[in-house]
Amino acid sequence: MTNLWQKYVNRWSALTTEQLRHDYLKYNHGFVLDEDNANKLTSYFNIRFIPQPYIGNYTAQHYILMTNPSWHEFDIQHMGIEKIDKEFESSAFRRFEICLNQLTFSNNRNNENQFHLLSNEFSYIPHAIGRTKSAYGWWKQRIFCKNSIVKSEHDLFVLQFFPYRSYCSSHVEAFAKQYALESSIYRNELLKNAISENKLIYIMRSVKLWINSIPDLKEYGLDTNNVFVAKNFQNATLSKSNLKSFKEWLNER
């Protein structure tokens with residue numbers, strides 16, 4: 001499998017200060033693969049944020065399928081693109097670096113949390129009162145819920161259908177009908193590899209989008225008992241009580 005993100009991580013890792021990151025965004029379309037064509041993306045996604053095609057380590061036994069990551073204004077600080085108030089440059093860059101390391105699974109080699117959004121560096125970051133939780137809080141709530149499918153975040157690998165962020169996912173399927181991203185090749189390879197290794201797969205959002213784009217997934221769900229679908233797509237809590245078998249979901253259509 002060829003990881004297209006590698007050469008971009010090499011490029012973005014040189015943006016060690018807030019000013020360098022701002023200059024990069026000023027003179028480039030954003031944090032986006034050239035192969036994915038930023039001109040197509042700008043009407044649907046916010047590409048000023050670091051892409052998040054996946055979270056965790058692909059060697060995990062449990063695969064979580066989502067649509068695409070969301071964004072909020074405070075995320076630009078959470079990801080270290082901008083500093084929080086008067087924090088040190090090194091502190092902001094550390095979060096930026098952790099997000100980049102996730103793209104190439106380097107967190108594992110650096111003895112960091114493989115599920116990068118639950119790294120300690122993200123645990124203290126504030127968010128506006130009454131606003132959506134930070135990514136750290138959001139994932140904590142959904143993973144460590146009552147009757148969870150796992151005991152640790154290290155047992156999970158989250159795979160996004162699209163790596164780029166949007167405020168909501170309502171228009172994402174419309175984009176999918178028109179365009180196929182080059183980065184989707186690596187996404188499909190990761191999922192097909194998981195199927196070949198008989199891993200457990202949980203489709204938490206956009207079921208039709210996933211099974212229509214990757215026929216192997218539908219076949220795997222019919223041939224085994226290893227594929228599950230969320231009962232509540234809005235919640236996406238990884239609780240056994242929020243899941244039904246893929247066959248059950250299909251019979252309800």
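Along the sequence shown, residues carry numbers from 1.
None of Asn226, Thr224, Leu217 except one satisfies the side-chain contact (heavy atoms from CB on, under 4.5 Å) rule with Ile201; the exception is Leu217. Under the ring pair (Phe, Tyr, Trp, His ring centres under 6.0 Å) test applied with Tyr24, the options Phe96, Tyr8, Phe31 reduce to a single match, Phe31.
Between the side chain of Asn57 and the backbone N or O of Gln114, no donor-acceptor pair lies under 3.5 Å. Using modelled atom types, one side-chain atom of Asn251 and one backbone atom of Lys247 make a donor-acceptor pair closer than 3.5 Å. Counting only distance, with no hydrogens or angles, the side chain of Asp155 and the backbone of His62 share no donor-acceptor pair below 3.5 Å. Checking side-chain atoms of Asn3 against main-chain N and O of Leu103 turns up a donor-acceptor pair under 3.5 Å. Side chain of Gln102 to backbone of Gly56: a donor-acceptor contact under 3.5 angstrom is found. For Ser119 (side chain) and Phe122 (main-chain N/O), no donor-acceptor pair under 3.5 Å exists by modelled atom type.
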Should Asn101 and Glu97 be marked as a side-chain hydrogen bond (donor to acceptor under 3.5 Å, both in side chains) after you check the CA-CA gap, both sets of side-chain angles, and the distance that decides it?
CA-CA 6 Å; Asn101 286 345; Glu97 184 180 43; 5.0 Å; no
Kindly determine whether Gln6 and Asn10 satisfy side-chain hydrogen bond (donor to acceptor under 3.5 Å, both in side chains), including the steps that lead there.
CA-CA 6 Å; Gln6 179 66 66; Asn10 294 341; 3.1 Å; yes
Test Tyr164 against Asp36 for side-chain hydrogen bond (donor to acceptor under 3.5 Å, both in side chains), laying out the working first.
CA-CA 10 Å; Tyr164 303 107; Asp36 279 346; 2.7 Å; yes
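Every pair passing ring-ring contact (aromatic ring centres under 6.0 Å, His included) that includes a residue from residues 215-236 is listed here, sequence neighbours excluded: Tyr202-Phe228.
Between Ile50 and Cys99, the shortest heavy-atom distance links the atoms CD1-CB, 3.7 Å. Annotation for Glu153 and Ile143: closest pair CB-CD1, 4.1 Å, computed over non-hydrogen atoms. Nearest approach of Met79 to Phe49, heavy atoms of both residues: CE-CD2, 3.0 Å. Heavy-atom minimum distance, Arg165 versus Gln52: NH2-OE1, 3.0 Å. Between Ser239 and Ile149 the shortest heavy-atom distance is C-CG2, 4.4 Å. Of all non-hydrogen atoms in Ser106 and Thr104, the two that sit nearest each other are OG-OG1, 2.7 Å.
Residues Glu189 and Asn193 bring no donor and acceptor atom of their side chains to less than 3.5 Å of each other.
The aromatic rings of Phe161 and Trp210 stand perpendicular to each other, their planes meeting at an angle above 60°, with 30° marking the opposite boundary.
The environment of OH in Tyr44 is crowded: more than 12 heavy-atom neighbours from other residues, nucleotides or ligands sit within 6.0 Å. Atom NZ of Lys83 is surrounded by more than 12 heavy atoms from other residues, nucleotides or ligands within 6.0 Å. In the displayed structure, Gln234 atom CD is contacted under 6.0 Å by at most 12 heavy atoms of other residues, nucleotides or ligands.
Qualifying salt bridge (charged side-chain N to carboxylate O under 4.0 Å, His left out) partners for Glu219, counting only residues two or more places apart in sequence or in other chains: none. Tyr63 is linked by a ring pair (Phe, Tyr, Trp, His ring centres under 6.0 Å) to Phe157, counting only residues two or more places apart in sequence or in another chain.
A salt bridge does not link Arg21 to Glu18: none of the charged nitrogens lies less than 4.0 Å from a carboxylate oxygen.
Between Trp139 and Phe115, the distance separating the two ring centers is shorter than 6.0 angstrom.
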